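Just so we're clear, the structure is a prediction, and the values are computed from it rather than from any experiment.
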Amino acid sequence: MKFAYKFSNLLGAFYRHGNLCFSKDGNSVISPVGNRISVFDLKNNRSETLPASTTKNISCLGISPDGSLAILIDEDGAAILVSLVTRAVLHHHHFHSPVHSVSFSPDGRKFVITKENVALMYHAPGRNREFNAFALDKSYYGPFDETTCIDWTDDSKCFAVGSKDMTTWIFGAERWANLIYYSLGGHKDIIVGCFFENDSLDMYTVSQEGTLCVWESDTALEGLRKGPKYSERKKMEEKKKREEGESNEDDDVEDIVGEDGETRGDVIKGSADTPKQVEGIKNVRYSQRSKHYFNKAGDFNKLTAAAFHKKTHILVTGFASGAFHLHELPEFDLIHSLSISDQRISTIAMNPTGDWIGFGCSGLGQLLVWEWQSESYVFKQQGHFNNMNSLAYSPDGQYLVTGGDDGKVKVWNTNSGLCFVTFTEHSSGVTNVAFTSSGFVVVSASLDGTVRAFDLHRYRNFRTMTSPRPAQFSSLAVDSSGELVCAGSQDSFEIFLWSMQTGRLLEVLSGHEGPVSNLCFSPVQSVLASVSWDKTVRLWDMLDSWQTKETLRLTSDGLAVTYRPDGQELAVASLDGEITFWTPQTGGQTGSIAGRHDLQMGRKETEKITAKQSFTSLCYSADGESILAGGQSKFVCIYNIKEHVLMKKFEISCNLSLDAMEEFLDRRKMTEFGSLSLVDEGTGDGDGVELSLPGVKRGDMSSRRFIPEIRVSSLCFSPTGRSWAAASTEGLLIYSLDASLVFDPYDLDMDVTPASIRKQMKTKEWASAILLSFRLNEMPLIREVLEAVPYDQITVVCSSLPDVYVDKLLNFVASTLEKSNHLQFYLSWAQCLLTLHGQKLKNRSGAVLPTVQQLLKSIQRHSDDLSKLCDWNIYNIRYAAALSKQRGMKRTAAESLSDEDEEEEEVEMDSGGDEENIYNE
């Protein structure tokens, strides 16, 4: 159970490369993140990363119209079919060359992919299981250069393909007699987008130089006619040839026939000539209705992405400058334009209702969703621009803080997976971050020579600590009380000690003869452990004039140090790949683990030999029985400390687009002149360097491509013990326990069965039923038994439980409370357990602490949700009360006015009567 951690979520990365898609209901946006896809629920403000992954970075993805299937295609053309319902991989396929775009037909029966200069139409996988889920239907040839985009008509009869040869080709999805293919020109640059009008063959084409062409068809969709079959047309042509005695060219439509004589699929060949017209049926013709130009400033502001919503006739275009325009077609009326980034917009998508627009910027990894009617952001997230260097959990496990090379400190919510605050005060890379014991203060160390403290209540930098002379801080530690802050320097070999309250420098600790690589405070004492490249670990006593209490000698350079949660053991990682364990009180070594062979570092593309293997990050589990270790490798190892054996290795990535992933040297990439990877093959394509002619000033020769190297820079166990996080090249990876997949019985016997447990429930033997359910240890059954206990019997049942089952029940309540709606019921269980067994639990606090912190995290989350709901209800009640009061005042005023009118009428009537009486007299 302890090692059954599964990949749970990916934080810190929102968009890398490829196209965005919206879900069927339009409430979620699906974004490619490296070789995985993430689903961001915009209504509930949550994110989820699917466990399915491709071999390399995803270049394009397609979602079926019913929202149940997704096709993910990587840079090499390897595709996987994923169910968005079960999150499982259903099929693998390889297209053998890079694919530029993929799109399902609106009826969901076909899908088209474009690669090189060909469009391939496949039968879409259906509900029935098939041996080959990707069955090729037709191949369409026409463009002379690579294809760029696809769009379908609403009835799935035709589709259009844009190309880099500045043309757009329209093909029939079936054998139409009057539309086999049609080519549209009119542009002077690459086609970025081609779009059909709603329920029409009319088209809009957009090119990279900022030109929009509006094309009008002389035929409606209902005017498409099916022609004679290929065999009949061939017989008619042969008959005509014999009669006329002339030799004509072959027909445009051919069949691919295999060696066994069976038809593999159709090939539609386009040419510059007009397709032959079938007698009695008029061919479809296009004419250019109008041509419009977008405003652009200079050559660098190219049009890079476009999307069109057919029902609202809204065209969205994105530019290399980070600006986007909204136009209403076909009149080309500008609705509004806005600059949302300083990087090029890579992709644009619109949700089915046309209210929200999704933007992806690959330069900074930004993902934005914009509501154009209210002109406001629905979603705006960005990960770290460069490497993520450090991470730390808050004491309750509800938040995560990360620091990166981009100088930013980001705080994440572990429940939603989203960043809710970013601090940008550092002017250089952040090397280490930490939470104080209160959980409301984040401390960060940076290479800019400052240590900063941030307040999570007011979201401000309230303390900045510096050294007397400039120093680059590479390590950081905060003591258990939150009063002392230490930072180690990598250039002066000193440790600086500050007071959190005053920000004053208290002491400079000298003694190390090499850069200080890591610091760690004891959880139970005011003792600081520091490890350095000088092969020593020093223990500093904060209460005794900051003197060196103990010096531990290592066999190699020290890289990482960490305390066990109870403070009774110290783990140190060194350069030779060993993890040594020490007793801080006596300074004696208790054991060691040789992990150099477990790490399995990969070779870089330009290297012929493997680098030395060593761990650079260590972290104890919440119960202190195991330790996590990671380094410059794709593996994270978890060891059992007592047995000193490797329990499990987690492969954090299988993305071959990253460097140092291959364990063995690839001889196919090596030549007598060196590695082929040193040659920039993508020169001039996309974001690559443009090699221009002499005198031409386009192209930035200073920009270079680099391949990120896989590494794990930091590891941290959640205080709840149910998850751990790794800061890696791909982002922030979360691994958590999946209890539903693990059968872990306790004290199992032949009599312990679900039937016997339910029998005890019928006889109302609640304590016995709970004990038997925990012995079987099936979570749904435990939940069923627990929720069947009457509310007034909870105290009686808790008092009769043995001590062993108290821990198990408290752990179950803590984990269930996080997702359950029965708040008062489970809180009553927790209250009774802690009240009746509090003293015994306190005696074994080390083992129970993760469970209590998990319980605290669940209660805090529900408290936050309920407080927001209560505040909203209070606001609505006050608003309703004020509204009713205002209406009451208006009603009172109206009634008083009506009373005055009535009095005036009565007075008039009285005066009128008096006059009449006088007249009569």
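A distance of 11.0 Å separates CG of N44 from OG of S416, quoted to the nearest 0.5 Å. The structure places CZ of R16 at 12.5 Å from CG of L367, a figure rounded to the nearest 0.5 Å. Here the straight-line distance linking atom CG of L855 with atom CH2 of W829 works out to 14.0 Å at 0.5 Å rounding. Distance check, rounded to the nearest 0.5 Å: OG of S713 to CG of N432 gives 10.0 Å. Annotation: the span from N461 atom CG to F454 atom CZ amounts to 4.5 Å, rounded to 0.5 Å. Residue I638 holds its CD1 atom at 6.0 Å from OH of Y5, rounded to the nearest 0.5 Å.
With sequence neighbours excluded, the residues that form a side chain to side chain contact (heavy atoms under 4.5 Å, CB included) with N415 are R46, Q398, N413, E818, K857, R861.
Of the possible donor and acceptor atoms, one in the side chain of T816 sits under 3.5 Å from a partner among the backbone N and O of F812. Under the 3.5 Å distance criterion, the side-chain polar atoms of S8 are left unmatched by any main-chain donor or acceptor of Y735. Formation of a donor-acceptor pair under 3.5 Å by the S31 side chain with backbone atoms of F14 is found in this model. Side chain of S390 to main chain of G403: no donor-acceptor pair is present (N/O by atom type, distance under 3.5 Å, no hydrogens or angles). Formation of a donor-acceptor pair under 3.5 Å by the K410 side chain with backbone atoms of G12 is not found in this model. Distance alone, capped at 3.5 Å, places no donor-acceptor pair between the T536 side chain and the T551 backbone. In this structure a side-chain-to-backbone donor-acceptor pair under 3.5 Å is missing from H512 to R538. No donor-acceptor pair closer than 3.5 Å links the side chain of T720 to the backbone N or O of G397. In this structure, the side chain of D479 engages the main chain of L484 through a donor-acceptor pair within 3.5 Å. Between the N387 side chain and the N389 main chain, no donor and acceptor come within less than 3.5 Å of each other.
The shortest non-hydrogen separation linking G631 to T616 is CA-OG1, 3.4 Å. Of all the heavy atoms in A52 and R36, the pair that sits closest is O-CG, 3.7 Å. The heavy-atom pair separating S633 from L599 by the smallest distance is OG-O, 2.7 Å. Taking each heavy atom of S714 and L391 in turn, the nearest pair found is OG-N, 3.4 Å. Among all heavy-atom pairs drawn from S526 and L543, the shortest one is CB-CG, 4.0 Å. Considering all non-hydrogen atoms of both residues, A830 and V813 come closest at CB-CG1, 4.2 Å.
Contact annotation: the side chain of I579 approaches that of F615 to within less than 4.5 Å [non-hydrogen atoms, C-beta and beyond]. The closest side-chain heavy-atom distance from V441 to R463 is not below 4.5 Å. Residues S626 and M647 are not in side-chain contact: their nearest non-hydrogen atoms beyond the backbone lie 4.5 Å or more apart. For the pair P584/V527, no side-chain contact is recorded, criterion being any heavy-atom separation below 4.5 Å from C-beta on. Between V442 and F435, the closest side-chain pair of non-hydrogen atoms falls below 4.5 Å. W533 places none of its side-chain heavy atoms less than 4.5 Å from the side chain of L575. Put simply, the side chain of L528 reaches to within 4.5 Å of the side chain of I495, judged on heavy atoms. Residues E569 and I641 are in side-chain contact: their nearest non-hydrogen atoms beyond the backbone lie under 4.5 Å apart.
Few gaps surround CD on E651; more than 12 heavy atoms of other groups in view lie less than 6.0 Å from it.
Looking at S592 and T580, their side chains never bring a donor and an acceptor atom within 3.5 Å of each other. S574 and D576 are linked by a side-chain donor-acceptor pair at a separation below 3.5 angstrom, with hydrogens and angles left out of the test.
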Dump the intermediate steps for side chain to side chain contact (heavy atoms under 4.5 Å, CB included) on S718 and S723, then the final yes or no.
CA-CA 6 Å; S718 171; S723 62; 3.4 Å; yes
Given S653 and S728, is the side chain to side chain contact (heavy atoms under 4.5 Å, CB included) satisfied, shown in steps?
CA-CA 9 Å; S653 177; S728 70; over 6 Å; no
Could you walk me through whether V433 and T402 pass the side chain to side chain contact (heavy atoms under 4.5 Å, CB included) check?
CA-CA 7 Å; V433 290; T402 58; 5.7 Å; no
Go through it in stages, so that I can follow the logic: the residues are L810 and L834, the test is side chain to side chain contact (heavy atoms under 4.5 Å, CB included), and I'd like the CA-CA distance, side-chain angles, deciding distance and then a yes or no.
CA-CA 9 Å; L810 188 62; L834 294 174; 4.1 Å; yes
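Ring centroids of F473 and F496 are separated by less than 6.0 Å, placing the two rings close together.
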Let me check something: any side-chain donor-acceptor pairs from residues 514-522 under 3.5 Å, sequence neighbours excluded? List them with distances.
{"from": "S517", "atom 1": "OG", "to": "V531", "atom 2": "O", "distance (Å)": "3.1"}
{"from": "S517", "atom 1": "OG", "to": "G558", "atom 2": "O", "distance (Å)": "2.8"}
{"from": "S522", "atom 1": "OG", "to": "V524", "atom 2": "N", "distance (Å)": "3.4"}
{"from": "S522", "atom 1": "OG", "to": "Q525", "atom 2": "N", "distance (Å)": "3.3"}

